[in-house]
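In what follows, a single structure is set out as structure tokens and then discussed.
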Amino acid sequence: MADAKPPLIVHIIYRLGVGGLENGLVNLINKLPENAYRHAIICLTESTDFSQRIGRNDVDIFQLHKQPGQDWRSFYAVYRLLKQLRPAIVHTRNLAAIEYQICALLAGVGYRIHGEHGWDVFDPDGSKIKYQWLRRIIGTLIHRFIPLSRHLQDYLRDRVGIPAHKITRICNGVDTSVFYPAGGERIIPDDCGLALRDKVVIGTVGRMHGVKDQITLVRAFIRSCQQSLEFAACCRLFLIGDGPLRAEAMDLLAAANLADSVWVPGERSDIPAILRAMDIFVLPSAAEGISNTILEAMASGLPVIATDVGGNPELVADGETGLTVPARDAASLSSALNELALDEQRRRRFGEAALKRILAEFSIDSMVARYQHVYDGQ
């Protein structure tokens with residue numbers, strides 16, 4: 001008689017594309033022991049080439065091509081898939097997927113988990129009452145909530161009213177075999193036309209829309225260049241990612257005659273190498289959970305400047321591994337850029353401390369072990 005198959009986890013997400021949530025999911029699938037769990041992913045909208053990062057060939061991916069707004073057909077499609085797949089666990093992620101816990105209940109899924117990875121563009125600080133009530137009502141169907149940050153954990157407990165015993169906080173982990181510091185001379189990324197010898201490279205990575213707010217970084221960079229000839233001469237900017245803010249950023253830089261000081265290549269697949277070409281990493285988000293890109297930058301030995309929102313202060317120890325600044329404040333961000341860009345010794349000290357903290361507290365093995373403990377608790 002053939003051995004019984006490991007239990008199946010169905011992960012329900014909005015879209016499988018480039019992003020921190022999706023990166024965390026792929027890392028988890030790749031690192032969980034294959035003999036412990038099988039996996040399938042339901043994408044409410046679509047999957048992209050990002051799925052090629054999954055290192056297992058037994059992971060089925062379903063695309064529902066959900067229409068914008070309340071597409072009731074998508075609920076029936078999820079219900080039918082769950083009845084067909086018969087998973088032991090359903091794990092939804094973020095507000096866009098939480099309502100599909102109703103489908104899991106109706107399909108008879110015995111263990112239902114929901115992850116909160118960060119704020120949504122339509123509720124960037126969690127203040128909207130209707131979404132608090134949505135989480136509270138559907139939370140009665142959910143056995144375990146997994147927030148990625150202390151900020152989200154407190155929000156679920158104190159403002160939504162989820163009982164503390166149903167909440168397990170699990171921070172993302174970073175794969176230090178992929179993200180690690182540069183050694184020796186800087187290697188310039190493919191297609192980057194900037195001359196970077198003896199320059200200080202400031203960079204950010206992320207979807208260029210909404211609360212990610214790369215525009216504040218662009219305004220801060222322009223301000224620093226206009227106020228300091230030394231800064232303008234030595235600093236270059238990487239804006240990695242694609243989205244509606246990309247064109248606006250390029251227009252602002254062109255208007256300030258700084259287009260030749262910036263690389264804006266769009267979406268890239270070589271992020272580890274690009275991080276190793278940077279000297280300072282910036283996360284200018286107006287709202288954030290636990291940022292994978294901050295963790296990856298720290299693992300790459302970079303000092304980090306981040307906004308003082310969400311889970312960012314949990315990762316960036318102000319004055320130790322980097323600097324924190326208020327959100328949407330170009331003047332404060334400009335001052336922080338000047339402070340680090342013109343002080344090589346401080347950059348090195350912050351970067352070394354950041355790497356040390358990653359190795360001590362944010363290993364991917366620790367993250368995977370905590371998720372497996374939750375999954376095993378069914």
Side-chain angles (χ1 to χ4, degrees), residues 19-21 23-25 27-28 91-95 98 113-121 123-128 131-132 134-136 139 142-174 206 211-213 281-299 304-327 350 353-375 377:
L21 181 156
N23 188 60
L25 171 58
N27 283 339
L28 182 62
H91 187 160
T92 56
R93 288 168 169 82
N94 273 5
L95 192 60
I98 194 172
I113 298 170
H114 179 70
E116 291 283 353
H117 289 242
W119 301 112
D120 296 272
V121 66
D123 187 20
D125 59 0
S127 62
K128 292 190 177 179
Y131 296 128
Q132 293 177 23
L134 177 63
R135 289 178 170 96
R136 185 175 303 168
I142 295 170
H143 297 99
R144 181 67 54 183
F145 281 82
I146 303 178
L148 267 65
S149 70
R150 187 172 291 108
H151 188 67
L152 287 166
Q153 173 184 281
D154 294 345
Y155 167 79
L156 289 172
R157 185 190 62 221
D158 300 335
R159 297 182 68 180
V160 177
I162 303 301
H165 72 268
K166 294 177 71 168
I167 301 174
T168 299
R169 179 168 63 94
I170 303 178
C171 287
N172 280 340
V174 60
V211 297
K212 297 303 180 183
D213 195 25
F281 182 83
V282 182
L283 193 78
S285 302
E288 196 64 61
I290 287 290
S291 166
N292 274 316
T293 51
I294 285 182
L295 293 173
E296 291 163 358
M298 291 171 66
V304 175
I305 301 172
T307 46
D308 188 12
V309 299
N312 290 352
E314 294 179 45
L315 303 182
V316 181
D318 187 54
E320 296 178 19
T321 66
L323 301 171
T324 57
V325 297
F350 283 178
L355 176 60
K356 185 176 180 180
R357 184 156 191 237
I358 287 293
L359 296 175
E361 301 180 37
F362 295 100
S363 75
I364 198 167
D365 291 339
S366 173
M367 179 198 79
V368 170
R370 297 199 69 194
Y371 271 106
Q372 184 165 358
H373 181 74
V374 170
Y375 292 151

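Every value quoted in this text rests on a predicted model; they were computed, and no experiment measured them.
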Closest contact, heavy atoms only, [X] versus [Y]:
X	Y	answer
I290	G311	CD1-O, 3.9 Å
S127	D123	N-OD1, 3.1 Å
A297	V304	CB-CG2, 4.2 Å
A286	D213	N-CB, 4.3 Å
L323	G319	CD2-N, 4.2 Å
P313	G310	CD-O, 3.4 Å

May I ask you to decide if [Y]'s main-chain N or O and [X]'s side chain share a donor-acceptor pair within less than 3.5 Å?
X	Y	answer
E296	V174	no
D318	T324	yes
E314	S149	no

Find the distance between [atom1] ([X]) and [atom2] ([Y]) and round it off to the nearest 0.5 Å.
X	Y	atom1	atom2	value
H117	N94	NE2	CG	6.0 Å
M298	I358	CE	CD1	4.5 Å
L25	L21	CG	CG	7.0 Å
I98	R93	CD1	CZ	13.0 Å
L156	R136	CG	CZ	11.0 Å
D365	M367	CG	CE	9.0 Å

Test E116 against R135 for salt bridge (Lys or Arg N to Asp or Glu O under 4.0 Å), laying out the working first. CA-CA 10 Å; E116 291 283 353; R135 289 178 170 96; 2.8 Å; yes
Which word best sums up how the rings of Y371 and H91 line up, parallel for under 30°, tilted for 30 to 60°, or perpendicular for over 60°?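 Taking H91 first and then Y371, their aromatic rings sit tilted (interplane angle of 30° to 60°).
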List in chain and number order the residues that pass ring-ring contact (aromatic ring centres under 6.0 Å, His included) with Y155, two or more places apart in sequence or in another chain; answer none if no residue qualifies. W119
Taking ring-ring contact (aromatic ring centres under 6.0 Å, His included) as the test, write out the residues that go with F281, two or more places apart.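 Result, ring-ring contact (aromatic ring centres under 6.0 Å, His included) vs F281: none returned.
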Answer whether the closest heavy-atom distance between the side chains of [X] and [Y] falls below 4.5 Å.
X	Y	answer
L295	L315	yes
E288	T307	no
N312	D308	no

I'd like to know if the side chain of T168 pairs up with that of R370 as donor and acceptor (distance under 3.5 Å, no hydrogens or angles considered). no
Show me the side-chain donor-acceptor pairs of residues 159-166 shorter than 3.5 Å, one per line, residues at least two apart or across chains.
from, atom 1, to, atom 2, distance (Å)
K166, NZ, G139, O, 2.7
K166, NZ, I142, O, 2.7

side-chain contact (heavy atoms from CB on, under 4.5 Å) between L28 and Y375: does it pass, once the steps are laid out? CA-CA 12 Å; L28 182 62; Y375 292 151; 3.5 Å; yes
Just wondering, are more than 12 heavy atoms of other shown residues or ligands nearer than 6.0 Å to NZ in K128?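 Yes, because the 6.0 Å sphere around NZ of K128 holds more than 12 heavy atoms from other groups.
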